[in-house]
2 protein chains.
Amino acid sequence: MTDRGASARPARRPTRQQQAITDLLERSEEFVSAQTFHARLRAAGERVGLATVYRTLQSMVEAGTVDVLRGDDGEAAYRACSTDHHHHLVCRSCAKTVEVEGPAVERWTDAVAAEHGFTQVTHTVEIFGTCAECAASTRTR
Amino acid sequence: MTDRGASARPARRPTRQQQAITDLLERSEEFVSAQTFHARLRAAGERVGLATVYRTLQSMVEAGTVDVLRGDDGEAAYRACSTDHHHHLVCRSCAKTVEVEGPAVERWTDAVAAEHGFTQVTHTVEIFGTCAECAASTRTR
DNA sequence: TCCCAGCGTGAGAATGATTGTCAAAACCGA
DNA sequence: TCGGTTTTGACAATCATTCTCACGCTGGGA
């Protein structure tokens, strides 16, 4: 559709705000919502507008350096991720995230799609559960 | 946590509105957003409030007779589905949906989760693509 | 180093889906 | 039909996200 071609994206002009966002992103192990993200930046003394947080995260998603996850309530959560295609195993309780790969799943989705005549296939696979730590603390409670 | 036990759910009292919603739901082949759903009911001459549409769809989701899907924009879409666990192959263009099962995927997710010590595992797997018909018409355009 | 043209920012308004409120209406059993 | 509940629906309230647009900062050229 749109020509998302080669030299097209000129990389945003680097600014203090973007640096702050990138830093915090890299220090976060789990998926964080844009709102929470903004709150943390503010708490850390950074002066960054909410709109900027959204804009920056969004462009990073397009650039492929950040992954998005939609919770049951529809709120988007972000996390720094490698460019490679992979999926996530997320703790329902503490949001701890493990990146996982599943060649078998990739093959399966492609096969299923082809079988029904679908092309330009993409897919989402996310696994939710309770991590060992959270399970332990819940049981103790 | 909460005891979502046996005889708990007393089934809502049947009403004209719920009947209308159920009917339209069963006649829909694809995922439809609550807003669209409401608009269609109105267009069909049914007098149903938006809040009622949301409430009814929600309780059906909890009852397991309806599946939800979150689009990229976070908007929720609904579709009548069998109670059995399954996944969806959805056309990006016309929203036509095919229900698919993937024992392999189920096994894989469980294995991955167990490997990392996660319990109470659930997962989401959705496949998006362009169906044969839409691919054809797009190419022709 | 100074200046200019733009891009990036940010405060607040606008949007749009979803949920809450609460009085009125519908339903069911007696 | 009567009474006690449950459900409904118009509208307000939330809340995340996006839009607006004047202002500041950045980078390159003079």
Side-chain angles (χ1 to χ4, degrees), chain A residues 7-25 28 30-63 65-79 95, chain B residues 7-25 28 30-63 65-79 95:
Chain A
S7 61
R9 199 161 303 112
R12 319 190 81 205
R13 181 186 293 175
T15 64
R16 171 180 56 79
Q17 292 86 340
Q18 284 178 46
Q19 190 57 53
I21 291 175
T22 305
D23 286 351
L24 178 52
L25 206 41
S28 302
E30 5 72 53
F31 277 90
V32 182
S33 76
Q35 299 284 345
T36 302
F37 212 91
H38 180 240
R40 288 192 187 172
L41 284 171
R42 282 300 177 84
E46 296 287 349
R47 300 208 122 275
V48 183
L50 184 55
T52 301
V53 172
Y54 274 102
R55 270 186 301 241
T56 306
L57 287 174
Q58 209 156 63
S59 64
M60 290 175 114
V61 168
E62 279 166 26
T65 57
V66 165
D67 278 357
V68 206
L69 199 58
R70 296 250 171 211
D72 286 338
D73 56 356
E75 191 176 357
Y78 305 82
R79 180 174 190 274
Chain B
S7 61
R9 202 162 300 112
R12 317 190 81 204
R13 184 185 289 176
T15 64
R16 169 179 59 76
Q17 291 86 341
Q18 286 180 45
Q19 189 56 53
I21 291 175
T22 304
D23 285 351
L24 179 51
L25 206 41
S28 302
E30 5 73 52
F31 276 89
V32 182
S33 76
Q35 299 284 344
T36 302
F37 212 92
H38 179 239
R40 289 194 187 169
L41 284 171
R42 280 299 176 86
E46 296 286 349
R47 302 206 123 276
V48 183
L50 183 55
T52 301
V53 172
Y54 274 102
R55 271 187 298 240
T56 305
L57 287 175
Q58 212 157 63
S59 62
M60 290 174 115
V61 168
E62 279 166 25
T65 57
V66 164
D67 278 356
V68 205
L69 199 58
R70 295 248 171 213
D72 285 339
D73 56 356
E75 191 176 357
Y78 304 83
R79 180 175 189 273

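A quick note: this is a predicted structure, and the numbers were derived from the prediction, not measured. So that the names make sense, note that chain A is the first sequence line, chain B the second, and so on, each numbered from 1.
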| field | Main-chain N/O of A:Val53 paired with A:Thr56 side-chain donor or acceptor, under 3.5 Å | value | no
| remark: Whole-Å distance, B:Leu50 CG to D:dA10 P, equals 10 Å
| query | If you check every side-chain atom of B:Glu75, which of D:dA10, C:dA11, C:dA17 has the closest atom? | reply | C:dA17
| Tell me: CD of A:Gln58 to P of D:dT17, nearest whole Å? | 10 Å
| message | Whole angstroms only, please: what is the CZ-P distance between A:Arg70 and C:dT18? | response | 11 Å
| said: Check this one for me: any side-chain N or O of A:Tyr54 less than 4.0 Å away from OP1 or OP2 of D:dT18? | reply: no
| Pair B:Gln17, B:Thr52: side-chain N/O donor-acceptor within cut-off below 3.5 Å | no
| remark: In whole angstroms, the gap separating P of D:dA16 from CG of A:Leu69 amounts to 17 Å
| Gap separating the CD1 atom of B:Ile21 from the CZ atom of B:Arg40, nearest 0.5 angstrom | 14.0 Å
| task | Please test A:Val68 against B:Asp72 for side-chain contact (heavy atoms from CB on, under 4.5 Å), starting from the C-alpha separation and ending with a verdict. | result | CA-CA 10 Å; A:Val68 206; B:Asp72 285 339; over 6 Å; no
| request: Write down the distance between CD1 (A:Ile21) and P (C:dG8), rounded to a whole number of angstrom. | output: 13 Å
| query | Roughly, in whole Å, what's the span from NE2 in A:His38 to C1' in C:dG12? | reply | 13 Å
| note | Picking from C:dA11, D:dT8, C:dA17, the nucleotide nearest the side-chain atoms of B:Thr52 would be D:dT8
| request: Quickly work out the B:Leu41 CG to D:dT8 P distance and round it to whole Å. | output: 12 Å
| field | Side-chain heavy atoms of A:Arg16 within contact of A:Glu46, under 4.5 Å | value | yes
| remark: Going 5' to 3' through nucleotides 21-30 of chain C and flagging B where a protein heavy-atom sits under 4.0 Å of the base, S where only the sugar-phosphate is that close, and - otherwise, we get B----BBS--
| Are side-chain heavy atoms of B:Gln35 and B:Leu50 found at a separation under 4.5 Å? | yes
| query | Can you tell me how far the OH atom of B:Tyr54 sits from the CZ atom of B:Phe37, to the nearest 0.5 Å? | reply | 12.0 Å
| task | Could you state the atom-to-atom distance from CZ of A:Phe37 to P of D:dA16 in whole Å? | result | 16 Å
